[in-house]
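Take a look at the structure below.
Whatever order the structure lists them in is the order used to number ligands and atoms, beginning at 1.
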Amino acid sequence: MLIRERLVHGFDSGLVAKEGLIAHGRGETFDYLLGEKTTKNAKKALKAAAQALILAKSPVISVNGNIAALCAKEIVQLAKIVNAKIEVNLFYSTMQRRQSITKLLQKNGAKKIFGLDPKSSRRISGLDSPRRVVDKDGIYVADVVLVPLEDGDRTLALKKAGKKVITFDLNPLSRTAQTADITIVDNVVRGLKELVKEYKKTSKNPKTIPFDNKRNLSEAINEIRKNLARRARHA
Ligand code: PTJ
């Protein structure tokens, strides 16, 4: 309920697109089915994500309206410890929303935000939406991109451009979840805090742990099945 209120407030302040409210509703459903907690399965993906960010040479965190409204503080915190760039990249892109999101991130301590300067824009091929426009010094040259609440087309386009894609998506069946290299099936509000913790822990003792995204997603789907069966038994 608190998360929903933050989204509504974000919408009223011009950060969140109205479609972002619908996306949030879909997320709430899956969060309910997952038991509204960070599962063991999500923890595995969080470890893999921390590892990928440690090994990254030029990591970028992509921010949209929902993420800004829900996790501006954690985004800035993560970017600082990872030494990642932050880029505002919107599906329903307007200069006004890009500026509002940038201001909020700055208010939370971010210094440089990419994605505002039209002179540094480049295009990712194979994409029709405004999300194809990226910064030449940001996502365009990134090797690892964290894209929470992404759309499937851009995930695919980023992968085709040779980038490692990490995403947060509560729906393990979504195209983004299925296409990304590392999918954290968790609410981004809980998950980003966990990623900050996991990064700090892993960077003290880095080691390579094998990670299979498809397999991890199947486990997340099984988790939902089990929860549904449990709830049906108690109904
Ligand atoms: O701010 P903009 O203009 O870039 O628009 C952003 C939205 C979110 C509208 C756009 O990216 C979009 O339409 O996303 P989708 O395709 O609806 O995908 C959103 C996915 O995120 C869905 O699979 C939801 O289940 C999931 N989701 C929603 N809220 C959360 C979430 N996953 C993790 N944490 C959440 N809080």
Protein non-hydrogen atom found under 4.0 Å from atom 13 (O) of ligand 1: no
Please list, in number order, the atoms of ligand 1 under 4.0 Å from a heavy atom of [X].
{"X": "Gly20", "answer": "9 (C)"}
{"X": "Gly65", "answer": "1 (O)"}
{"X": "Glu150", "answer": "18 (O)"}
{"X": "Leu90", "answer": "1 (O), 3 (O), 4 (O)"}
{"X": "Arg97", "answer": "1 (O), 2 (P), 3 (O)"}
{"X": "Glu19", "answer": "9 (C)"}

Starting from [atom], locate the nearest protein heavy atom and write down its residue, its atom name and how far away it is, to 0.1 Å.
{"atom": "atom 4 (O) of ligand 1", "result": "Phe91 N, 2.7 Å"}
{"atom": "atom 15 (P) of ligand 1", "result": "Arg26 NH2, 3.4 Å"}
{"atom": "atom 34 (N) of ligand 1", "result": "Val188 N, 2.9 Å"}
{"atom": "atom 6 (C) of ligand 1", "result": "Asn64 ND2, 3.7 Å"}
{"atom": "atom 5 (O) of ligand 1", "result": "Tyr92 CD1, 3.8 Å"}
{"atom": "atom 19 (C) of ligand 1", "result": "Ala23 CB, 4.0 Å"}
{"atom": "atom 32 (N) of ligand 1", "result": "Leu170 N, 3.2 Å"}

State, with a plain yes or no, whether a side-chain heavy atom of [X] is found less than 4.5 Å away from one of [Y].
{"X": "Ile139", "Y": "Val147", "answer": "no"}
{"X": "Phe91", "Y": "Asn64", "answer": "no"}
{"X": "Asn216", "Y": "Asp212", "answer": "no"}

Closer than 4.0 angstrom: is that true for some heavy atom of [X] and an atom of ligand 1?
{"X": "Leu149", "result": "yes"}
{"X": "Glu28", "result": "no"}
{"X": "Asp186", "result": "yes"}

Nearest non-hydrogen partners of Ile184 and Ala42, listed with the distance: CG2-O, 4.1 Å
For the student: nearest non-hydrogen atoms of Gln106 and Lys111, plus distance: NE2-O, 3.9 Å
Would you call [X] and [Y] a salt bridge, using N to O less than 4.0 angstrom?
{"X": "Glu150", "Y": "Arg131", "answer": "yes"}
{"X": "Asp31", "Y": "Arg190", "answer": "yes"}
{"X": "Asp186", "Y": "Lys43", "answer": "no"}

Short N or O distance, Asn187 and ligand 1, threshold 3.5 Å exclusive: yes
Checking side-chain polar atoms at under 3.5 Å, does [X] have a donor or acceptor matched by the opposite partner on [Y]?
{"X": "Arg154", "Y": "Ser62", "result": "yes"}
{"X": "His9", "Y": "Glu5", "result": "no"}
{"X": "Asp169", "Y": "Ser174", "result": "yes"}

The one among Leu15, Leu173, Asp169 that brings a heavy atom closest to atom 23 (O) of ligand 1: Asp169
Within 6.0 angstrom of Asp128 CG, more than 12 heavy atoms from elsewhere: no
Part of Ile22 with heavy atoms under 4.0 Å of ligand 1, whether side chain, backbone, both or neither: neither
